Amino acid sequence: MGIILGLISMPAYAQLSMGARGLGMGQATTALPGYDWSLFSNPALSANEDIAVGFYGLRNYGFPELTDMSALARVPTKFGGASVGFHRYGDNVFSETRLRIGYKNEWQMLHFGLAGNYNHISFGGDYGSGGAIGVDIGIAAEISNSLWIGAKTINVNRASYNGIREDLPRETTVGFSYALNEQALFAFDVVKDVNFPVAYRGGVEVKVIENLKGRVGITTGPLTYALGFGYGREQWDINFAVQKHEVLGFSPGLDFMIYF
């Protein structure tokens, strides 16, 4: 019963951010330039230099019924970067599915992005289901050498599900990141969901050896700790992280990116 109550009390953002690199850095991804999974975070910072596809899985607290699975693809165009993504969470008792399409561009120092999101949730048995279309926006800028600021707002149109009394999550996040001579990267986010108190996320990424990076992170609301690593080459990248919830335990996540 304690586990169930803990799950119910969790903020919704735990299912919104994708990617094992971000998980290992405490989900502080709002101001990470070129973050591969920015379609699910701040669309203004999606990479738009190459064609890429990616896959991500997260086993929440070790329960198969609480698994997140995601995929994305992106392609640069002369009008900016375009991306599509898919995310599914849960099982036949409760499931949530998201389909996302994003656009990113930049003008001088300013990066801006937009993501459309179709969300569908389903309750087992005869408890109903519903869908909703939300819009997310994001901006970011490099305000000085290696120092970035970013901001995003989720569900700016305040969409609600059809057929059930449930709203799409609504949150605003402001984040910062700073790269130290390509040896370390620091990131920090401040998050405000309309239904929860202000929360904080922070993480550090360090270069261990060539192509290998280690990461640590922390979040509040709920309190979690994370540890991860990533190894990448020119045409592929793999990241692994484990997040520990203060009550519910460990959640391992893995992602894999292919670049063309």
Side-chain angles (χ1 to χ4, degrees), residues 8-19 22 27-32 35-48 56 68-75 77 79-90 94-107 110-123 127-141 149-175 189-201 219 221:
I8 293 174
S9 66
M10 286 183 60
Y13 74 75
Q15 297 176 34
L16 298 180
S17 299
M18 299 289 113
Q27 298 174 320
T29 59
T30 305
L32 286 185
Y35 180 52
D36 284 322
W37 295 88
S38 286
L39 175 62
F40 294 91
S41 177
N42 185 352
L45 288 175
S46 294
N48 62 347
Y56 172 62
D68 286 282
M69 298 185 67
S70 303
L72 67 80
R74 69 168 187 255
V75 58
T77 75
F79 303 106
S83 55
V84 294
F86 169 83
H87 168 223
R88 179 174 171 80
Y89 167 84
F94 172 81
S95 66
E96 179 178 0
T97 303
R98 289 191 291 161
L99 298 174
R100 292 178 67 83
I101 182 169
Y103 169 78
K104 174 262 173 75
N105 212 328
E106 57 189 86
W107 179 73
L110 180 65
H111 297 245
F112 52 92
L114 177 74
N117 176 56
Y118 174 73
N119 229 70
H120 184 271
I121 59 175
S122 177
F123 299 90
Y127 293 99
S129 63
I133 296 177
V135 177
D136 305 345
I137 59 174
I139 58 173
I149 182 173
K152 65 173 182 179
T153 297
I154 293 175
N155 190 21
V156 294
N157 57 322
R158 301 186 178 185
S160 299
Y161 290 99
N162 296 322
I164 56 176
R165 294 183 178 179
E166 186 75 23
D167 296 330
L168 280 180
R170 289 168 49 203
E171 82 177 24
T172 297
T173 306
V174 177
D189 280 8
V190 180
V191 185
K192 181 61 180 80
D193 187 290
V194 296
N195 295 316
F196 299 97
V198 174
Y200 304 94
R201 307 174 189 169
T219 74

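This one's a predicted model, so the numbers in the text were calculated from it and none came from an experiment.
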Checklist entry - Hey, does the side chain of Asn117 reach the backbone of Val135 with a donor-acceptor pair shorter than 3.5 angstrom? => result no
Item to check | Ring geometry between Phe94 and Tyr89 (parallel below 30°, tilted from 30 to 60°, perpendicular above 60°) | outcome: perpendicular
Checklist entry - Is Asp167 paired with Arg158 through a side-chain N to carboxylate O contact shorter than 4.0 Å? => result no
Checklist entry - In Å, rounded to the nearest 0.5 Å, how long is the span from OG of Ser83 to CZ of Arg100? => result 8.5 Å
Checklist outcome for this item: Taking every heavy atom of Ala151 against every heavy atom of Asn42, the minimum-distance pair comes out as O-ND2, 3.5 Å
Next on the checklist: Contact between Asn48 and Glu106 at the side-chain level, heavy atoms closer than 4.5 Å - yes or no?
Outcome noted: yes
Checklist entry - Is there side-chain contact between Val190 and Tyr200, with heavy atoms separated by less than 4.5 Å? => result yes
Checklist entry - Between Ile164 and Gly128, which heavy-atom pair has the shortest distance, and what is it? => result CG2-C, 4.5 Å
Next on the checklist: Would you say that Phe40 contacts Leu16 through its side chain, given a criterion of any heavy-atom pair below 4.5 Å between the two side chains?
Outcome noted: no
Checklist outcome for this item: So CG of Leu39 and CZ of Arg98: to nearest 0.5 Å the spacing works out to 8.5 Å
Next on the checklist: Working to the nearest 0.5 angstrom, can you tell me the gap between Met69 CE and Met18 CE?
Outcome noted: 12.0 Å
Checklist outcome for this item: Minimal heavy-atom distance between Ala199 and Gly221, with the atoms involved, is CB-O, 4.3 Å
Checklist entry - Glu96 and Tyr161: which non-hydrogen atoms are nearest, and at how many Å? => result OE2-OH, 4.2 Å
Item to check | Flag side-chain contact, heavy atom, 4.5 Å: Lys152 against Asp136 | outcome: no
Next on the checklist: Quick check for you: to the nearest 0.5 Å, what is the distance between His120 atom NE2 and Thr97 atom OG1?
Outcome noted: 7.5 Å
Checklist entry - Could you walk me through whether Asp68 and Tyr56 pass the side-chain hydrogen bond (donor to acceptor under 3.5 Å, both in side chains) check? => result CA-CA 8 Å; Asp68 286 282; Tyr56 172 62; over 6 Å; no
Checklist entry - Looking at Ala44 and Gly138, what are the two nearest heavy atoms and their distance? => result CB-O, 3.3 Å
Checklist outcome for this item: What one should report as the nearest heavy-atom pair of Ser122 and Ser129 is CA-CB, 3.8 Å
Item to check | Between OG on residue Ser38 and CZ on residue Arg74, distance to nearest 0.5 Å | outcome: 9.0 Å
Next on the checklist: With a 3.5 Å distance limit and no angle check, can you tell me whether Asn157 reaches the backbone of Ile133 through a side-chain donor-acceptor pair?
Outcome noted: yes
Checklist outcome for this item: CD1 (Ile137) and CD1 (Ile154) are apart, to the nearest 0.5 Å, by 11.0 Å
Item to check | Student check: side-chain heavy atoms of Gln27 and Asp189 closer than 4.5 Å | outcome: no
Item to check | Whether Asn105 side chain and Phe79 backbone form a donor-acceptor pair below 3.5 Å | outcome: yes
